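All values derive from a computational prediction rather than experimental measurement. Both backbone and side-chain heavy atoms feed into the values below; hydrogens, waters and symmetry mates do not.
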Amino acid sequence: MTLYDVHYLERFADRFIALGLRRYGLTLEQYLNDPARVEQRLLEEPRPMLARQRAVQKRLEAEEATRRQREAEQQRGARLAVEAELEDFPRRNGRAIEPLHHSRRPKRSRKSDFTRRARHAG
């Protein structure tokens, strides 16, 4: 153990307590060996969460997981509803196709025969 000056010890012991470094598993002796490095590292690295913070984080993660599960169930339900709608449709290569309700070549009407209109107009 290293002997420290009383003023040095009082100053950095108070600082050690003010920063609450004991909660992070650090001893006063470790801190006194190089206080500048410990404080710099404390600023750079995120501090571990407290027990209450961990509890809140677990609760939030559980709520998020429940929300995601609910969304997945809703999507699955919507997909099943669409599949049920398409169940009676004819299939081509395994995919449902919508039957068309018009003939391929509709009958021509006199209204759409522009060559005839042109002949009779002039």
Side-chain angles (χ1 to χ4, degrees):
M1 180 166 176
T2 310
L3 295 176
Y4 296 101
D5 182 37
V6 172
H7 298 291
Y8 179 86
L9 186 61
E10 284 181 359
R11 177 178 173 216
F12 285 108
D14 290 341
R15 184 97 173 118
F16 178 82
I17 292 170
L19 291 173
L21 297 176
R22 184 77 178 157
R23 288 182 288 179
Y24 304 111
L26 197 64
T27 64
L28 179 61
E29 190 173 342
Q30 291 170 329
Y31 177 69
L32 291 175
N33 285 336
D34 194 358
R37 183 180 63 84
V38 170
E39 288 183 22
Q40 181 63 32
R41 203 162 164 208
L42 183 67
L43 292 174
E44 291 173 358
E45 294 180 7
R47 295 181 181 189
M49 289 190 286
L50 301 173
R52 282 184 173 171
Q53 291 171 325
R54 281 192 301 270
V56 169
Q57 183 183 24
K58 283 182 183 179
R59 182 178 52 84
L60 291 175
E61 288 173 352
E63 288 174 2
E64 179 69 17
T66 304
R67 186 187 62 78
R68 285 184 184 161
Q69 186 177 9
R70 238 184 277 124
E71 284 179 359
E73 288 173 3
Q74 288 174 348
Q75 288 175 351
R76 190 172 31 250
R79 190 171 43 249
L80 289 175
V82 169
E83 288 175 4
E85 260 184 55
L86 299 177
E87 192 172 280
D88 297 332
F89 279 47
R91 304 264 173 191
R92 184 177 298 149
N93 294 333
R95 297 186 79 187
I97 56 169
E98 183 176 356
L100 302 176
H101 298 291
H102 68 279
S103 59
R104 189 172 191 154
R105 295 192 181 151
K107 295 178 185 176
R108 290 183 177 242
S109 68
R110 288 185 173 253
K111 290 181 181 178
S112 64
D113 190 1
F114 296 107
T115 56
R116 182 177 153 107
R117 276 187 175 178
R119 269 188 279 152
H120 293 298

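In terms of heavy atoms, Tyr24 sits closest to Leu19 at CE1-O, 4.4 Å.
Within the 4.5 Å cutoff, the side chain of Leu60 has heavy atoms near those of the Glu63 side chain. At least one side-chain heavy atom of Leu50 sits less than 4.5 Å from a side-chain heavy atom of Arg23. Contact check for Gln30 versus Leu21: no side-chain heavy atoms found under the 4.5 Å cut-off.
For Arg54, the side-chain hydrogen bond (donor to acceptor under 3.5 Å, both in side chains) test picks out no residue, with sequence neighbours left out. Remark: Glu39 pairs with Arg15, Tyr31 by the side-chain hydrogen bond (donor to acceptor under 3.5 Å, both in side chains) rule, at least two apart or across chains. Gln53 meets the side-chain hydrogen bond (donor to acceptor under 3.5 Å, both in side chains) test with no other residue; sequence neighbours excluded. In this structure, Asp34 has no side-chain hydrogen bond (donor to acceptor under 3.5 Å, both in side chains) partners at least two apart in sequence or on a different chain.
Heavy-atom contacts from other residues, nucleotides or ligands closer than 6.0 Å to CZ of Arg91 number more than 12.
In the hydrophobic clustering, Met49 connects to no other residue, as no ILVMFWY side-chain heavy atoms lie under 4.5 Å from its own.
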Working for ring-ring contact (aromatic ring centres under 6.0 Å, His included), residues Phe12 and Phe16: CA-CA 6 Å; Phe12 285 108; Phe16 178 82; over 10 Å; no
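Interatomic distance, Leu28 CG to Ile17 CD1, rounded to the nearest 0.5 Å: 8.0 Å.
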Output side-chain donor-acceptor pairs under 3.5 Å for residues 67-89, partner residues at least two apart or in another chain, one line each.
from  : atom 1 : to    : atom 2 : distance (Å)
Arg67 : NE     : Glu64 : OE1    : 3.4
Arg67 : NH1    : Glu71 : OE1    : 3.3
Arg67 : NH1    : Glu71 : OE2    : 2.5
Arg67 : NH2    : Glu64 : OE1    : 3.4
Arg67 : NH2    : Glu64 : OE2    : 2.4
Arg68 : NE     : Glu64 : OE2    : 3.2

